[in-house]
Asker: 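Below is one structure. I have some questions about it.
Predicted model, so just to flag it, every value in this text is computed and none were measured.
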Amino acid sequence: MFVIFALMTTGCNKDDDNKEEQGCVKEENVFEAQFDDETIEPHYAQGGGFGLYTLNFQRCPSNDNNWNLSVNTDANRSLFIYLIGVNSTGNYILTSGDPNHVAIQCFESNSIYILDETTYTYSFISSSNGTIEITEYDSGYGILVGTFSAEMVSTADPTVKKTITGAFNLNKSTLDNTQRPCWL
């Protein structure tokens with residue numbers, strides 16, 4: 001019994017494993033947003049012997065300057081950001097989202113969507129009141145670093161408006177969704 005107690009009290013857990021001291025820093029291929037008193041960030045989903053980091057970042061097939069970013073949370077929400085015509089650092093103005101847009105397709109305007117995964121419907125879409133600021137950009141390596149802030153409008157009741165803010169640091173050449181990030 002003493003051995004079990006000793007192992008339980010001295011065993012490693014997520015809070016005491018000194019990941020920062022071991023070179024694990026949460027700085028690349030990360031995304032975090034604040035919306036409705038909730039943090040939206042990707043997680044590492046496991047099941048059936050497989051795992052997947054739920055941050056997806058890709059160029060739209062129609063144009064290398066168009067980007068699609070998606071994040072699946074462990075709270076049955078997905079967030080989609082569409083960036084169109086990115087060719088340098090700077091501010092990119094958001095437009096009103098289209099509630100009939102299909103999430104897997106690239107969109108034709110800068111917009112943000114929040115999808116309820118239980119009903120597979122958009123619960124909030126961006127209004128035209130918001131911006132995405134790209135602070136670092138390298139098209140060749142697929143690097144996008146920036147922040148965003150937007151007014152989101154409820155699709156159930158357009159009078160309900162909430163603010164979303166967030167930041168991202170993405171590098172397409174190093175993003176491997178099959179690997180668990182060291183900070184998770």
Side-chain angles (χ1 to χ4, degrees), residues 14 17-35 38-95 97 101-115 117 122 125-126 130-150 164-184:
K14 196 170 186 174
D17 51 10
N18 300 320
K19 290 181 178 181
E20 263 187 52
E21 292 173 15
Q22 298 171 17
C24 177
V25 180
K26 187 177 179 179
E27 64 184 25
E28 187 175 74
N29 290 321
V30 295
F31 175 94
E32 186 172 294
Q34 296 298 317
F35 177 73
E38 175 188 341
T39 299
I40 297 175
E41 61 185 344
H43 67 105
Y44 190 75
Q46 287 184 273
F50 297 98
L52 181 68
Y53 182 46
T54 62
L55 172 65
N56 296 293
F57 173 54
Q58 60 194 8
R59 293 178 194 269
C60 297
S62 60
N63 185 326
D64 278 352
N65 292 328
N66 297 349
W67 297 89
N68 176 2
L69 164 67
S70 65
V71 173
N72 300 80
T73 71
D74 56 2
N76 292 323
R77 274 193 176 168
S78 292
L79 180 132
F80 298 90
I81 297 178
Y82 299 95
L83 278 164
I84 307 303
V86 176
N87 55 20
S88 66
T89 59
N91 288 319
Y92 292 83
I93 304 300
L94 290 172
T95 61
H101 173 66
V102 178
I104 60 170
Q105 298 173 349
C106 284
F107 199 52
E108 55 276 346
S109 62
N110 296 325
S111 51
I112 301 176
Y113 294 81
I114 296 177
L115 181 79
E117 293 177 4
Y122 295 120
I125 57 177
S126 60
T131 59
I132 300 173
E133 181 183 11
I134 303 299
T135 56
E136 183 180 341
Y137 179 67
D138 184 322
S139 179
Y141 286 104
I143 295 173
L144 273 176
V145 179
T147 60
F148 61 94
S149 178
I164 188 168
T165 60
F168 51 89
N169 184 331
L170 307 168
N171 184 335
K172 183 137 181 71
S173 66
T174 62
L175 178 61
D176 183 353
N177 298 78
T178 64
Q179 298 297 311
R180 181 186 196 103
C182 63
W183 59 84
L184 293 178

Asker: Could you tell me whether the side chain of N56 reaches within less than 4.5 Å of the side chain of N72, counting heavy atoms only?
Answerer: yes
Asker: Heavy-atom distance under 4.5 Å between the side chains of Y137 and I143, does that happen here?
Answerer: no
Asker: I'd like to check the side-chain contact (heavy atoms from CB on, under 4.5 Å) partners of T178; sequence neighbours left out, ordered by chain and number.
Answerer: D176
Asker: Within a strict 4.5 Å, meaning less than it, do heavy atoms of the V86 and I132 side chains meet?
Answerer: no
Asker: For V145, is there any backbone N or O sitting under 3.5 Å from a side-chain donor or acceptor partner on T135?
Answerer: yes
Asker: Distance from I84 atom CD1 to L94 atom CG, nearest 0.5 Å?
Answerer: 11.0 Å
Asker: Please work out which of the three classes, parallel, tilted or perpendicular, describes the rings of F57 and W67, given edges at 30° and 60°.
Answerer: parallel
Asker: To the nearest 0.5 angstrom, please state how far the OG1 atom of T131 sits from the CZ atom of F148.
Answerer: 10.5 Å
Asker: Y82 pairs by side-chain contact (heavy atoms from CB on, under 4.5 Å) with which of S70, S109, S111?
Answerer: S111
Asker: Which pairs, with at least one residue in residues 77-93 and sequence neighbours excluded, count as a salt bridge (Lys or Arg N to Asp or Glu O under 4.0 Å)?
Answerer: E38-R77
Asker: As an exercise, state the distance from CG of N66 to CD of Q58, rounded to the nearest 0.5 Å.
Answerer: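 Going from CG on N66 over to CD on Q58, the span is 12.0 Å.
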Asker: Do you know the tightest heavy-atom contact between E41 and E32?
Answerer: OE1-OE1, 3.4 Å
Asker: In Å, rounded to the nearest 0.5 Å, how long is the span from CD1 of I112 to CZ of F80?
Answerer: 12.5 Å
Asker: How close do I81 and L79 get, heavy atom to heavy atom, and via which atoms?
Answerer: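 Nearest pair, atom of I81 first, then L79: CG1-CD2, 3.6 Å.
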Asker: Donor-acceptor check, side chain of N29 to backbone of N171, threshold 3.5 angstrom: yes or no?
Answerer: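 A pair under 3.5 Å: yes.
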Asker: Just by modelled atom types, is the I93 backbone N or O under 3.5 Å from a matching donor or acceptor in the N110 side chain?
Answerer: yes
Asker: Strictly distance-based, threshold 3.5 Å: is any side-chain N or O of N169 a donor or acceptor partner for the main-chain N or O of E27?
Answerer: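 Such a contact is found between N169 side chain and E27 backbone.
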Asker: According to the interplanar angle, ranging from 0 to 90°, do the rings of F168 and F31 count as parallel (below 30°), tilted (30 to 60°) or perpendicular (above 60°)?
Answerer: parallel
Asker: State the CG-CG distance between L175 and L170, to the nearest 0.5 angstrom.
Answerer: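 L175 atom CG to L170 atom CG measures 7.5 Å (nearest 0.5 Å).
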Asker: Side-chain contact, heavy-atom cut-off 4.5 Å: Q34 with T39?
Answerer: yes
Asker: Got a second to check how far I134's CD1 is from T89's OG1, nearest 0.5 Å?
Answerer: 9.0 Å
Asker: Any side-chain heavy-atom pair from L69 and L55 closer than 4.5 angstrom?
Answerer: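 Result yes, sub-4.5 Å side-chain heavy-atom pair found.
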Asker: Do D64 and S139 pair up side chain to side chain, a donor and an acceptor below 3.5 Å, judged on atom types alone?
Answerer: no
